[in-house]
Number of protein chains: 2
Amino acid sequence: MNIGEAAEATGVTAKMIRHYEQIGLIRAAGRTGSGYRVYGPKDLSTLSFIRRARDLGFSIAQIRDLLALWQDRARASGDVKRIASEHVAEMKEKMRLLQEMVHTLEHLSAHCHGDDRPDCPILEQLATGMAEEKCC
Amino acid sequence: MNIGEAAEATGVTAKMIRHYEQIGLIRAAGRTGSGYRVYGPKDLSTLSFIRRARDLGFSIAQIRDLLALWQDRARASGDVKRIASEHVAEMKEKMRLLQEMVHTLEHLSAHCHGDDRPDCPILEQLATGMAEEKCC
DNA sequence: CTTGACCTTGACATGATGGGAAGGTGCACG
DNA sequence: CGTGCACCTTCCCATCATGTCAAGGTCAAG
């Protein structure tokens, strides 16, 4: 199986498959006599695994650990769960920061006419740094 | 005022001040005879503006627009509000995606023993790609 | 044999920031 | 006056995951 077919089958672009090989996330694929990379069912499983983990937002480093655990039949599920929990915590923290920013901006926007006049609390806040509470 | 003092006063690192100058976000600072950058009150205001905008998650491109509007006394507040609204929409979309991932992962984690046994629904999901609903 | 689709490697870009090296400057203290 | 230290300068490289582009080799069908 060619890299293009493997890419289509797994949803990982050919570019990324080569990249993952280069950084050692996956083993170097076999080669035909002319140098084309060759992929078998096992490789496809690995690539699909990676794609699903990426879809869940795991970093390459985390996926490296998850792959090792996946291939370790004596793994402890606690190790997997811990990686997932840390990732969830990171995502929740990101959400919290986003929520804060959204809240502040929506508050400022609510007090902005949004018409042709130049007065704008959003710019005022950015310029003077007056605390949100003081804006009202 | 030196770049280091300006950095401390505004919360923008010296490194980033130079970077912002290089990409044309701010005007090139004046120089002393020996080549040191010199900053005045106006420059400090601009840098503080930028830092507050970054704190609210605006991209450099958006800040470029906001700076232009800020310095345009004939601006329409609607233009500012539109930039802010687009940014809020982007952040909310990111939150939505994060929430989806968190939801899926928490669901899988809830069914993972998290002990020394190797069975793990998280790995199973990643390996087989079975839909979340089918997992129960 | 030609054509077109695919493969190869390699270099470069993103966006915002950090790190570090190599060398010049300013200032305070002895 | 000299020395040391903290700061400044420029330039290059790294992050993270992905994309784009270019130049050249390969394969299969017509």
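Chain identifiers are assigned alphabetically (A, B, ...) following the order of the sequence lines, protein sequences preceding nucleic acid strands; residue numbering begins at 1 within each chain. These numbers were taken from a predicted model, which means no experiment stands behind them.
- In the set C:dG18, D:dT9, C:dT8, C:dG18 carries the atom at the smallest distance from any side-chain atom of B:K15.
- Projected onto DNA chain C by closest heavy-atom contact, A:G35 and B:R54 fall at different nucleotides, the more 5' of which corresponds to A:G35.
- Using a cut-off of 4.0 Å between Lys/Arg side-chain N and Asp/Glu carboxylate O, B:R117 and B:D115 are scored as salt-bridged.
- Atom NE2 of B:H19 is separated from atom P of C:dT17 by 7 Å (rounded to the nearest Å).
- Taking a cutoff of 4.0 Å between a charged side-chain nitrogen and a carboxylate oxygen, A:E90 and A:K94 do not qualify as a salt bridge.
- Distance B:N2 CG to C:dG24 P: 19 Å, rounded to the nearest Å.
- Separating the CD1 atom of B:I3 from the C1' atom of C:dG26 is a distance of 16 Å, rounded to the nearest angstrom.
- Annotation: B:D55, atom CG; neighbour count of heavy atoms from other residues, nucleotides and ligands within 6.0 Å is above 12.
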Exercise for review: Produce a footprint string for nucleotides 25-30 of chain D: one letter per nucleotide, 5' end first; B if the base is under 4.0 Å from any protein heavy atom, S if only the sugar-phosphate is, - if neither.
Suggested key: BBS---

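- For B:R31 and C:dT25, the shortest distance from a side-chain N or O to OP1 or OP2 is not below 4.0 Å.
- Taking a 6.0 Å sphere around CD of A:Q99, one finds it holds more than 12 heavy atoms contributed by other residues, nucleotides or ligands.
- Counting heavy atoms from C-beta on, the side chains of A:L126 and B:L56 come closer than 4.5 Å.
- Side-chain N/O atoms of A:R37 include none lying less than 4.0 angstrom from OP1 or OP2 on C:dC7.
- Between the CZ atom of A:R64 and the C1' atom of D:dA17 there is a distance of 13 Å, given to the nearest Å.
- Protein atom CD of A:Q62 is 12 Å distant from nucleotide atom P of D:dC16, rounded to whole Å.
- Distances shown here put every side-chain N or O of B:R18 at or beyond 4.0 Å from the OP1 or OP2 atom of C:dG19.
- Atom-to-atom, CD of A:Q22 to C1' of D:dA17 comes out at 13 Å; the value is rounded to the nearest Å.
- To the nearest angstrom, C1' of C:dT17 lies 14 Å from CG of B:D55.
- D:dC16 atom P lies 13 Å from atom CG of A:L25, rounded to whole Å.
- Counting non-hydrogen atoms of other residues, nucleotides and ligands closer than 6.0 Å to CZ of A:R27 gives a total of 12 or fewer.
- A tilted orientation is assigned to the rings of B:F58 and B:H87, their planes being inclined by 30° to 60°.
- Of the side-chain N and O atoms in B:Y20, none sit less than 4.0 angstrom from OP1 or OP2 of C:dA16.
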